[in-house]
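Presented below is the structure to which this report refers.
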Amino acid sequence: MDGRVLNGFVGGAMLLALIMALFGGRPAAAEPTVRRLRRLQWAATVVGAVAASLVVRGAEPGRMSVVSATLPAAGAALGVGVAAVAERFYPRPKGVQRVAALGIRQGTDRTGLEWRIGLGYAVSVLAGAVGWYSSGPDGYTGARWWGDLLVTTGPYPGRAYTLPLLLGLGLLAMVTWWGLRRVDGRPAVRPQDPALDRALRLGSRIRVQRWTAAGSLVTAGGLCLTMGPKLDELTQLLRSAGGGAVPPVLTPRAPWDWAQNGGFALTGLGVLLLLLAMSSLFWETPALRSSRASEAAAGGSVKTTT
């Protein structure tokens, strides 16, 4: 991904996070344990955001490299790691170490981010395959052949980027698995209050998975936004080369040029994926009620808050 796009995304996300931290609503909860847990959650979120942004902002503005292409996944993996480590600082029940019911601990409550993670990974793999197929001989440029004509452009996420991208996404998947294991294995803060524990555990899963969703979607969106304009550029170069050949060579024309149409589609998809990534970073977590309120609402739905 171009460093300017990546840095712009991170800057916008950090600005929104600051606005939400300053002006976002805070649910009323008089219980000290709940207030302490909320402070811990905010601290973990802020530390993770700062750490991830420092990694991602290592991309050079105006340039694309193998390193910058893997930074979204690496930064997200660091954010997941911070969220997972924060689980260690949750209050522990005194006396016998009881755990929550098996259904709660195994993450039966879905976060709603699962499909976004799947979309990010699927598009990243598909874009990687397209980049491999349309790559130039050196693996760093895009190429298009038409008869004896060959045109190239770069930088382009070709086959030289495929393995590093897969390794970065694989690292993110492994760290996410580890983080979710820590969430499911953490002792219940208050074993006699399953509703509170469900809200806490679901919130922890969201804080892990929103990093994974954002990292995979930014990776996919960055690939699309890089490849889309380059495919259109290859089309224009091919038409110019065909018109300047002796004798002139008839090259594909709109609207039946698959490369140009694919480039437009990838550009639009990239914008959509970045918007999904931004919204994933601010996915709502369950509100923390006091123990009495949790017992009263044990059979109902969990209220959410920003």
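- Under a hydrophobic-cluster definition in which Ile, Leu, Val, Met, Phe, Trp and Tyr are linked whenever side-chain heavy atoms come within less than 4.5 Å, directly or via other members, V80 and L171 are assigned to the same cluster.
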Task: Worked check of side chain to side chain contact (heavy atoms under 4.5 Å, CB included) between M278 and F282 - done: CA-CA 7 Å; M278 182 73 75; F282 305 101; 4.0 Å; yes
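- Through side-chain heavy atoms spaced under 4.5 Å, either directly or across other Ile, Leu, Val, Met, Phe, Trp or Tyr residues, W145 is tied to L150.
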TODO: Under the side chain to side chain contact (heavy atoms under 4.5 Å, CB included) rule, what do L223 and L165 come out as? Steps first, then yes or no, please.
DONE: CA-CA 10 Å; L223 288 172; L165 282 170; 3.6 Å; yes
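- One finds the CG atom of L272 at 12.5 Å from the OG1 atom of T267 (value rounded to the nearest 0.5 Å).
- The two residues A214 and L281 have their closest heavy-atom pair at CB-CD2, 3.5 Å.
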Could you pull out every donor-acceptor pair under 3.5 Å between side chains of residues 228-237 and any protein atom, sequence neighbours left out?
residue : atom : partner : partner atom : Å
K230    : NZ   : G154    : O            : 3.2
D232    : OD1  : Q260    : NE2          : 2.9
E233    : OE1  : T153    : OG1          : 3.4
E233    : OE2  : T153    : OG1          : 2.8
T235    : OG1  : R144    : NH1          : 3.2
T235    : OG1  : L231    : O            : 3.1

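- By the side chain to side chain contact (heavy atoms under 4.5 Å, CB included) test, V125 pairs with no residue at all, sequence neighbours left out.
- Here the side chains of T219 and Y121 are not in contact, with every heavy-atom distance at 4.5 Å or above.
- For the atom pair CG of L273 and CG of L266, the computed distance is 10.0 Å after rounding to the nearest 0.5 Å.
- Not counting sequence neighbours, the partners of R239 by the salt bridge (Lys or Arg N to Asp or Glu O under 4.0 Å) test are D257.
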Task: CA sep, side-chain torsions, deciding dist, call: S134, Y156, side chain to side chain donor-acceptor pair (under 3.5 Å) - done: CA-CA 9 Å; S134 56; Y156 186 82; 2.5 Å; yes
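- Considering CG of L119 and CG of L113, their distance stands at 12.0 Å, rounded to 0.5 Å.
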Task: Derivation of the side chain to side chain contact (heavy atoms under 4.5 Å, CB included) call for W146 and V151 - done: CA-CA 9 Å; W146 188 260; V151 292; over 6 Å; no
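- A pairwise comparison of heavy atoms in L169 and S124 identifies CD1-CB, 3.6 Å as the closest pair.
- Once rounded to the nearest 0.5 Å, the distance linking CG of D184 with CZ of R201 reads 7.0 Å.
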Open item on the list: Assess the residue pair T111 and R205 against the criterion (side chain to side chain donor-acceptor pair (under 3.5 Å)); give the C-alpha distance rounded to whole Å, side-chain angles, the decisive distance to 0.1 Å, and a yes or no.
Closed with: CA-CA 7 Å; T111 64; R205 292 179 67 86; over 6 Å; no
TODO: Would you check, one step at a time, whether the test side chain to side chain contact (heavy atoms under 4.5 Å, CB included) holds for T176 with I117?
DONE: CA-CA 11 Å; T176 300; I117 296 173; 5.5 Å; no
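- Within the model, atoms CG of L217 and CG of L276 stand 6.0 Å from one another, a figure rounded to the nearest 0.5 Å.
- Between the side chains of S280 and R116, at least one donor-acceptor pair of N or O atoms lies under 3.5 Å.
- Between T226 and P155 the shortest heavy-atom distance is CG2-O, 4.5 Å.
- Closest approach of C224 and L269 over heavy atoms only: SG-CD2, 4.0 Å.
- The shortest non-hydrogen separation linking A143 to T152 is CB-CG2, 3.9 Å.
- Contacts of S216 classified as side-chain hydrogen bond (donor to acceptor under 3.5 Å, both in side chains), with partners at least two apart in sequence or in another chain: none.
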Task: Stepwise salt bridge (Lys or Arg N to Asp or Glu O under 4.0 Å) check, R182 with E87 - done: CA-CA 7 Å; R182 288 189 64 90; E87 294 295 306; over 6 Å; no
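- Applying the side chain to side chain contact (heavy atoms under 4.5 Å, CB included) criterion to D138, with sequence neighbours excluded, gives Y140, T141.
- Taking the ring axis of W132 as reference, the NZ or CZ atom of R159 stays within 45° of it and closer than 6.0 Å to the ring centre.
- Summarising the geometry of Y161 relative to G139, their closest heavy-atom pair is CD1-O, 4.1 Å, with the distance given to 0.1 Å.
- Note that OG1 of T212 and CH2 of W177 are 14.0 Å apart. Values are rounded to the nearest 0.5 Å.
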